[in-house]
2 protein chains.
Amino acid sequence: MAANRRPTLADVAREVGVSAKTVSRVLNEDGPASAQTREQVLAAVAKLGFQPNLMARNIRVGGPDTTVGLVIPDLANPFFGAVARSIEDTVGDRGLTLLMGSSADDPDRERALTDKFLARRISILMVVPSVGADHSHLKTHRAAGLPVVFLDRPGSGLSTDNVVSSNRAGAHDGVAHLIAHGHRRIGFVGDLPVKLYTRRERLAGYRAALQEADIPYDRSLVTSAHDRDGASAATAQLLGLADPPTALFAGNNIVALGIVTELARSKRRDVAVVAFDDVALAEALEPALTVVAQDAEEIGRTAATTALARLDGDRSRARTITVPTRLIVRGSGERPAPVLQGA
Amino acid sequence: MAANRRPTLADVAREVGVSAKTVSRVLNEDGPASAQTREQVLAAVAKLGFQPNLMARNIRVGGPDTTVGLVIPDLANPFFGAVARSIEDTVGDRGLTLLMGSSADDPDRERALTDKFLARRISILMVVPSVGADHSHLKTHRAAGLPVVFLDRPGSGLSTDNVVSSNRAGAHDGVAHLIAHGHRRIGFVGDLPVKLYTRRERLAGYRAALQEADIPYDRSLVTSAHDRDGASAATAQLLGLADPPTALFAGNNIVALGIVTELARSKRRDVAVVAFDDVALAEALEPALTVVAQDAEEIGRTAATTALARLDGDRSRARTITVPTRLIVRGSGERPAPVLQGA
DNA sequence: CTGAAAGCGCTAACAC
DNA sequence: GTGTTAGCGCTTTCAG
């Protein structure tokens with residue numbers, strides 16, 4: 001009773017008294033069909049509650065499945081959520097559905113997920129690559145016509161399209177903003193691991209801004225955190241230094257949460273902050289949080305349109321597309337550094 | 001060149017000089033196989049980069065696809081992101097993958113998505129139902145053994161498992177907290193549409209708390225918003241009333257963002273706020289935001305375990321499981337109402 | 001231990 | 001307009 005077989009094309013055909021192919025024709029608006037049969041078929045479909053088996057269809061047609069495989073580090077991170085939504089919006093117009101999974105930035109989980117996706121014969125593969133993951137195994141699939149796009153960070157071991165933010169320039173602008181407001185001791189709280197592309201790029205932007213202003217690079221001002229609590233701890237540690245920073249740069253949205261939380265907890269309103277990536281309540285903080293906003297929507301859209309173009313036969317060289325960030329000044333970076341004794 | 005056919009079981013078999021079935025046996029650890037052939041097969045698989053076609057397998061086995069179809073209103077909403085992650089964690093242990101889509105709370109989009117999912121022969125269907133959606137068409141699939149679970153709101157037209165938050169009790173507790181701190185004029189900014197289950201339940205909790213305290217229900221204090229900006233506008237409108245509220249209750253996380261943003265913008269620190277559902281920087285606001293936190297993780301886990309039990313043959317009656325909310329007092333609700341003239 | 005044949009649900013190619 | 005045949009890639013069934 002529970003294992004009630006689902007109706008098939010043949011069942012519908014039998015019900016109407018036509019051949020399976022005729023039913024197929026009606027449903028796919030393929031060949032011609034008399035209004036008469038058309039109606040009967042549709043009626044039978046409704047009556048039996050028939051729904052075509054997409055897997056069977058795909059296998060026969062030989063083409064890929066109408067799905068996009070998407071691997072992101074964390075489904076609950078709003079930045080990746082926004083990217084995913086944008087991708088869905090873009091590929092949805094082509095009738096593609098999202099097959100999603102989170103890697104937790106673990107290369108093994110990433111590999112397991114992509115393998116599963118590939119076994120499903122996805123039409124497009126999009127991955128936010130984990131540190132340490134190698135993607136040379138995707139070469140075969142690329143050669144077989146599978147569009148592969150790496151998001152947020154470039155993939156490794158495979159020459160293909162990448163869509164990333166202007167990490168270096170963005171971080172530079174954020175730090176330069178702090179410098180312009182008089183800060184010379186600026187702490188950097190980056191994401192982890194230290195080999196992470198975004199971390200390295202943003203740190204490079206930080207260093208570039210310091211150099212431009214002839215501020216020596218001080219390693220003791222550079223820390224890291226993997227999560228929110230870690231960022232809070234890193235903040236407390238930086239502020240506890242003998243010669244503490246007067247401003248902090250947050251390496252990503254999660255780190256920003258940790259920094260801001262810690263500053264609120266310790267009532268340190270004298271520390272300036274600029275964060276890479278926008279966060280939900282940035283405007284409502286006091287002072288409102290100045291950020292280097294990433295354009296999640298544009299990242300998703302660009303990745304999707306690039307992949308769709310590949311699907312349509314674009315054989316041009318692999319590109320790395322950089323989506324601009326935008327400095328949104330809201331106040332938290334403008335606090336002048338406290339006047340020093342000797343000044 | 002680009003349309004390089006992917007290797008099939010038969011290709012591997014040919015390479016080794018055995019039959020397709022033998023390869024299948026080795027790969028699925030089905031029947032016996034000599035160490036000799038085993039090794040050869042594995043070598044050929046690696047050499048050709050063969051990956052079994054899951055669609056073909058599923059079609060033959062007849063069983064459902066190893067996917068969970070999940071429809072949520074918005075991929076970018078952190079609450080639903082957290083629910084999705086929890087679902088993924090739970091069903092992942094069983095080897096199931098997430099097929100996701102966002103409905104934008106539009107019943108037609110919801111229907112289109114579920115139909116697509118069903119055509120893929122998903123193992124489990126999970127839906128955050130849109131207002132106005134009818135689910136009686138799912139009866140057939142339920143009868144065929146498909147577990148269906150509605151999340152966040154109950155489905156309609158179909159008796160099946162639902163997992164919801166303790167909306168009414170939670171809202172009651174949040175509003176009671178405000179009342180306990182002296183507030184008698186409390187604005188309610190709910191989500192939309194007004195027929196939305198969560199909106200109705202939370203409003204009921206609000207009314208219950210008022211009634212308990214013998215505070216008359218004032219319709220003019222009840223507004224709604226669909227998004228963040230709408231919530232800001234509703235806030236401004238409420239505060240502009242002749243006899244304005246001294247406290248506001250936010251009907252969900254998005255509304256909370258709008259309220260808090262508007263209060264910050266207008267520098268109204270004298271208005272108390274309690275929000276339904278936690279938001280990222282709640283602790284860092286001044287005052288820190290008191291919330292009725294939903295347990296997204298538990299909602300996802302409960303939904304997933306319930307569905308998996310159904311998949312394993314649980315035929316017990318459909319249940320509606322209520323996941324408790326928790327009042328997290330952080331300060332924003334405690335501000336005493338301004339002293340009134342006549343007091 | 002291994003293979004041959006049949007068939008899952010559907011559609012391409014060709015008939016009529 | 002419609003039906004027939006064959007076959008997608010895989011596994012089941014039954015032989016050896």
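In this structure, the CD atom of B:Gln51 is 14 Å from the C1' atom of D:dG9, given to the nearest Å. Between the P atom of D:dG9 and the CG atom of B:Asn58 lies a distance of 16 Å, rounded to the nearest Å. Rounded to a whole Å, the CZ atom of B:Arg14 is 19 Å from the P atom of C:dT2. What separates NZ of B:Lys21 from P of D:dG9 is a distance of 17 Å, to the nearest Å. In this structure, B:Arg38 atom CZ and C:dT2 atom P are separated by 11 Å, rounded to whole Å. As a whole-Å value, the separation of A:Asp65 CG from D:dC8 P is 19 Å. Computed from coordinates, the A:Leu9 CG to D:dC8 C1' distance equals 15 Å when rounded to whole Å. Between A:Met55 atom CE and C:dC8 atom P the separation is 15 Å, expressed in whole Å.
Distances shorter than 4.0 Å separate none of the side-chain N or O atoms of B:Thr8 from OP1 or OP2 on D:dG9. Distances shown here put every side-chain N or O of A:Thr37 at or beyond 4.0 Å from the OP1 or OP2 atom of D:dG1.
For A:Arg25 and D:dG3, a side-chain-to-base donor-acceptor distance below 3.5 Å is present, hydrogens and geometry of angles not being considered. Residue A:Arg60 places a side-chain atom within donor-acceptor reach of the base of D:dG7, judged by atom type and a 3.5 Å distance cut-off alone.
Along DNA chain C, the nucleotide closest to A:Pro7 and the one closest to B:Ser34 are compared, and the more 5′ of them pairs with B:Ser34. Comparing A:Pro52 and B:Gly17 along DNA chain C, the residue whose closest nucleotide (by nearest heavy atom) sits nearer the 5' end is B:Gly17.
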| query | After noting the C-alpha distance and the side-chain angles of B:Val163 and B:Val323, does the key distance pass the side-chain contact (heavy atoms from CB on, under 4.5 Å) rule? | reply | CA-CA 7 Å; B:Val163 179; B:Val323 176; 3.9 Å; yes

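The listed nucleotides are D:dT4, D:dT2, C:dT2; the one nearest the side chain of A:Thr22 is D:dT2. Ranking D:dC10, D:dT13, C:dG9 by closeness to the A:Ala56 side chain, first place goes to C:dG9. Closest to the side chain of A:Ser24, out of C:dT11, D:dC10, C:dG9, is C:dT11. Among the nucleotides C:dT11, D:dT2, C:dA12, the one closest to the side chain of A:Asp30 is C:dA12.
Side-chain contact annotation: B:Asp105 with B:Ser103, donor-acceptor N/O pair under 3.5 Å absent.
Residue A:Ser19 is classed as a base contact, given a heavy-atom separation below 4.0 Å to a base. Nucleic acid contact class of A:Asn28 (heavy atoms, under 4.0 Å, all strands): sugar-phosphate only.
Within the 4.5 Å cutoff, side-chain heavy atoms of A:Arg120 are placed close to those of B:Thr97.
Of all non-hydrogen atoms in A:Leu98 and A:Ala84, the two that sit nearest each other are CD2-O, 3.8 Å.
Contacts of A:Lys47 classified as salt bridge (Lys or Arg N to Asp or Glu O under 4.0 Å), with partners at least two apart in sequence or in another chain: A:Glu15.
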